[in-house]
There are 2 protein chains.
Amino acid sequence: MSKPMALDALTTIDKETPALTLADKALQAIQTSIIKGELAPGSKINEQMLAQRYGISRGPTREALLTLERRRLIVRVPHVGARVAQLSIDELNDLYRLRSVLEGMACELAAQHITPTALIQLRRLMDSQEEALAQGDTYFQQDGDVDFHYRIIRASGSRHLQETLIGNLYHLLRMYRYQCTSEARPTKAIAEHRCIVEAIADGDGELASLLMRRHIEQGRRNTEKRLKALQEE
Amino acid sequence: MSKPMALDALTTIDKETPALTLADKALQAIQTSIIKGELAPGSKINEQMLAQRYGISRGPTREALLTLERRRLIVRVPHVGARVAQLSIDELNDLYRLRSVLEGMACELAAQHITPTALIQLRRLMDSQEEALAQGDTYFQQDGDVDFHYRIIRASGSRHLQETLIGNLYHLLRMYRYQCTSEARPTKAIAEHRCIVEAIADGDGELASLLMRRHIEQGRRNTEKRLKALQEE
DNA sequence: CAGCCATAGATTGTTGACAATTTTATCTGT
DNA sequence: ACAGATAAAATTGTCAACAATCTATGGCTG
């Protein structure tokens, strides 16, 4: 999942694997382009151009756009067209406020429901991240963090919480994070992750939730600062 | 919005008003059929049949189904097809747990952000509902309740909270509520609504949130009981 | 008779063309 | 030169046919 990958693989469609539908592949490709900013925020999206770019027809392309609309990565207006979502400080704060509440909830549920296996895997992830950090490997930083949060959310055992966070909110979040990326504060962040995991392991949902909300607040400040700098140019 | 309406108007498409797209109208029609149970939970959905039923082609129909999938009213499997979502006690509880947290959050935000105008309208809604209740008019009960919750959520001023609750969660919720409808407990419910509104008016988000979460828990119990009865037949 | 394979039917996925609408460019009059 | 109306171009919405995939039926083999 978070393996190294030729960048082209993310923005190109291979027509070979027929397990997935063309619409799914187009979705992946377009979404990645948007999150990375290759399709600039606010820029217009042309269905035909996109379809041509990926060598498919407009049908699957439209389906992909529909999904991107639900993920708030684009804004569609009937009979007019679609634009890539704009980034704004207000929305960033709104997004993080909701995220904070939901991931806090995820922690409380995870503290009650997590399985021994999931806990072991979570700890193993911590170890490997600390190791990677010690070796100065900053490449997987971003993905590693996302991985951590995903696992906690899944450990909550709540299908709807999962769908809401991972299926809806996180796509837009990743866009903000990718485009307003700082070199982060990996040492601190990973230490905080470790604390949260241990609180969950202790079954102390209240503490885990508190720590998670603070951890996320740190991330918000970081991203907000970057976005402000970006917008003042 | 919550006006009386010929039932047919909900399940039929008029091709006249070209402001909306066919996909939108199909979405409305199919969604209503599902929520009402005219399309039974678990039953298979045939694209061609649906398209024919509404006199449109499969294109817009597919788009509608895509949206219904995101709203969790149907489950789609690539190359296989779509089925109407099944109702289960576990999911009901999961759904309400999330709803409870989110609407609690909405109350806290509303207590801080609500505008005088919105507050006036909210109180007016309470008045009209109490009046309708006094006259024994039980017809708008369900819609009235939904109206109340929508207004609080909108008063929160959080776009993402709004989208998550109204745009995603509430559709499925309405399905549960419609199909597991009890004669409700209108007197109590409306009294509870009134208390929540006053807490918000006082700027006491903490109290409003608490009251709301309890109010929702009552609703959950009610629906759960009905669903259990329904499933034991 | 049970279980597996092959074929036929039905359903979904995809395509390219057409219709409806919006956007852009052009023209006219003041 | 500018504002508004008109026509042309571009873009989205819709359709019907075709291709790919799944499901069901029937026959075959053990």
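Since the structure is predicted, the reported quantities are computational estimates derived from the model, not experimental observations. Below, chains carry the letters A, B, ... as their sequence lines are ordered, and counting in each starts from 1.
Taking atom CZ on R58(B) and atom C1' on dG16(C), their separation rounds to 15 Å, with Å as the unit. In this structure, Q48(B) atom CD and dT14(D) atom P are separated by 18 Å, rounded to whole Å. Between I45(B) atom CD1 and dG13(C) atom P the separation is 13 Å, expressed in whole Å. Distance CG (L27(B)) to P (dG13(D)): 15 Å, rounded to an integer number of Å. Rounded to an integer number of Å, the gap from CD1 of I74(A) to P of dT11(D) is 16 Å. Rounded to a whole Å, the NZ atom of K44(A) is 14 Å from the P atom of dA10(D). Taking atom CG of residue L20(A) and atom C1' of nucleotide dT21(D), one finds them 14 Å apart after rounding to whole Å. Rounded to whole Å, atom P of dT12(D) lies 10 Å from atom CZ of R76(A).
Two rings, from Y96(B) and Y176(B), have their centers 6.0 Å or more apart.
Using a 4.0 Å heavy-atom criterion, one finds that L65(A) contacts no nucleic acid atom at all. Among the protein residues, G59(B) comes within range of no part of the nucleic acid, since none of its heavy atoms lies under 4.0 Å from any strand.
Taking only side-chain nitrogens and oxygens, T21(B) never comes nearer than 4.0 Å to OP1 or OP2 of dT12(D). Regarding contacts with the backbone of dG13(D), a side-chain N or O of R62(A) is found under 4.0 angstrom from either OP1 or OP2.
Judged by closest nucleotide on DNA chain C, N46(B) is the one of S57(A) and N46(B) placed further toward the 5' end. Along DNA chain C, the nucleotide nearest to V80(A) and the one nearest to P60(A) differ in position, and the one closer to the 5' end is contacted by P60(A).
The pair E224(A)-R221(A) does not meet the salt-bridge criterion, since no charged nitrogen lies less than 4.0 angstrom from a carboxylate oxygen.
A heavy-atom distance below 4.5 Å is found between the side chains of Q162(A) and R154(A).
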Task: Pair R226(A)-L230(A), side chain to side chain contact (heavy atoms under 4.5 Å, CB included): steps then yes or no - done: CA-CA 6 Å; R226(A) 286 283 172 159; L230(A) 219 75; over 6 Å; no
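Taking CG of L66(A) as the start and CG of L65(B) as the end, the distance is 11.0 Å to the nearest 0.5 Å.
Of all nucleotides listed (dG13(D), dT14(D), dG13(C)), dG13(C) comes nearest to the side chain of E47(B).
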